[in-house]
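Order of appearance sets the numbers: ligands from 1, and atoms from 1 within every ligand. Since the structure is predicted, the reported quantities are computational estimates derived from the model, not experimental observations.
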Amino acid sequence: RVTERTLVLVKPDGVERKLVGEVISRIERKGLDIVAMDLRTVERDLAAQHYAEHDGKPFFSSLLEFITSGPVLAAVVEGPRAIAAWRQVAGGTDPVEKATPGSIRGDLALETGSNLVHGSDSPESADREIKLWFPSL
Ligand code: DAT
Ligand code: MG
């Protein structure tokens with residue numbers, strides 16, 4: 001499969017800090033296409049399903065607290081190798097230790113718990129997350 005889709009989120013810290021335009025700009029500058037986009041406040045149930053792989057980890061409850069704390073921008077983004085391409089643009093999970101300069105997290109975030117953006121980590125995750133967030137697609 002040449003063309004992939006991935007789920008992108010601008011998390012509540014990114015919306016609060018008015019970085020939605022910055023993130024959209026980086027999606028576009030990378031050459032990726034925006035297929036769907038929606039600003040919404042996340043219910044706890046959706047948050048728990050979205051982050052189900054982290055259920056039981058020490059940071060799980062604070063993660064749910066954080067992701068439901070304000071509006072998020074959710075988008076489906078498409079292009080060749082979109083999943084890896086977006087993970088590269090976003091940067092590694094820890095904005096200081098893992099995210100490279102030039103990435104969103106590397107440039108603009110400081111803490112793992114508030115690292116601005118999400119991107120699906122595999123084709124299976126992308127399918128699952130897109131169905132969860134955009135069931136009509
Ligand atoms: P990513 O968002 O890069 O896919 P992940 O799926 O491992 O990272 O974790 C999801 C989110 O959970 C991550 O963006 C921030 C939070 N998180 C992960 N590990 C954490 C940790 N050790 N302490 C606090 N928050 C953490
Ligand atoms: Mg992840």
**Student:** Between R105 and E111, does any side-chain N to carboxylate O distance fall below 4.0 Å?
**Tutor:** no
**Student:** Is H54 in contact with ligand 1, taking contact as a heavy-atom separation below 4.0 Å?
**Tutor:**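 Yes, H54 has heavy atoms under 4.0 Å from ligand 1.
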**Student:** With a cut-off of 6.0 Å (strictly less than), are more than 12 heavy atoms of other residues, nucleotides or ligands near NZ of K18?
**Tutor:** no
**Student:** Answer side chain, backbone, both or neither: which part of K57 comes under 4.0 Å from ligand 1, heavy atoms only.
**Tutor:**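 Neither part.
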**Student:** For atom 2 (O) of ligand 1, which protein heavy atom lies nearest, and how many Å away is it?
**Tutor:** R105 NH2, 3.0 Å
**Student:** Without swapping roles, check the side chain of R17 against the backbone of L116 for a donor-acceptor pair under 3.5 Å.
**Tutor:** no
**Student:** Number the atoms of ligand 1 from 1 as they appear, then name those within less than 4.0 Å of a heavy atom of R87, with their elements.
**Tutor:**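 Within the 4.0 Å cut-off of R87, ligand 1 contributes 1 (P), 3 (O), 4 (O).
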**Student:** Which protein heavy atom lies closest to atom 1 (P) of ligand 1, and at what distance to 0.1 Å?
**Tutor:**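 Nearest protein contact, heavy atoms only, for atom 1 (P) of ligand 1 is T93 OG1, 3.5 Å.
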**Student:** For atom 21 (C) of ligand 1, what's the nearest protein heavy-atom neighbour? Residue, atom name and distance, please.
**Tutor:** F59 CD2, 3.5 Å
**Student:** Quick one: which ligand 1 atoms are inside 4.0 Å of a heavy atom on Y51?
**Tutor:**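 Per the distance check, 10 (C).
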**Student:** Counting only heavy atoms, which portion of E111 has something under 4.0 Å from ligand 1: side chain, backbone, both, or neither?
**Tutor:**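 It is neither part, as no heavy atom is under 4.0 Å.
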**Student:** If you measure from the Lys or Arg side-chain nitrogens to the Asp or Glu carboxylate oxygens, is any gap between E22 and R26 under 4.0 Å?
**Tutor:**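 Between R26 and E22 there is a salt bridge, with a charged N closer than 4.0 Å to a carboxylate O.
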**Student:** Hey, could you give me the CD/OG distance between E129 and S122, rounded to the nearest 0.5 Å?
**Tutor:** 8.0 Å
**Student:** What part of T112, side chain, backbone, both or neither, has a heavy atom within less than 4.0 angstrom of ligand 1?
**Tutor:**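 Under 4.0 Å from ligand 1, T112 contributes backbone and side-chain atoms.
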**Student:** Between H118 and Y51, what is the ring plane arrangement, given parallel below 30°, perpendicular above 60°, and tilted in between?
**Tutor:**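 Correct class here is perpendicular.
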**Student:** For atom 13 (C) of ligand 1, which of the options D121, N115, L9 provides the nearest non-hydrogen atom?
**Tutor:**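 Among D121, N115, L9, the closest heavy atom to atom 13 (C) of ligand 1 belongs to N115.
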**Student:** Report yes or no: does H50 have a heavy atom closer than 4.0 Å to ligand 1?
**Tutor:** no
**Student:** Kindly compute the distance separating CG (L32) from OG1 (T6), expressed to the nearest 0.5 Å.
**Tutor:** 9.0 Å
**Student:** Does D38 reach the side chain of W133, with side-chain heavy atoms less than 4.5 Å apart?
**Tutor:** no
**Student:** Could you see which bit of L63 sits under 4.0 Å from ligand 1, with heavy atoms only: side chain, backbone, both or neither?
**Tutor:**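 Contact part for L63 vs ligand 1: side chain (C-beta onward).
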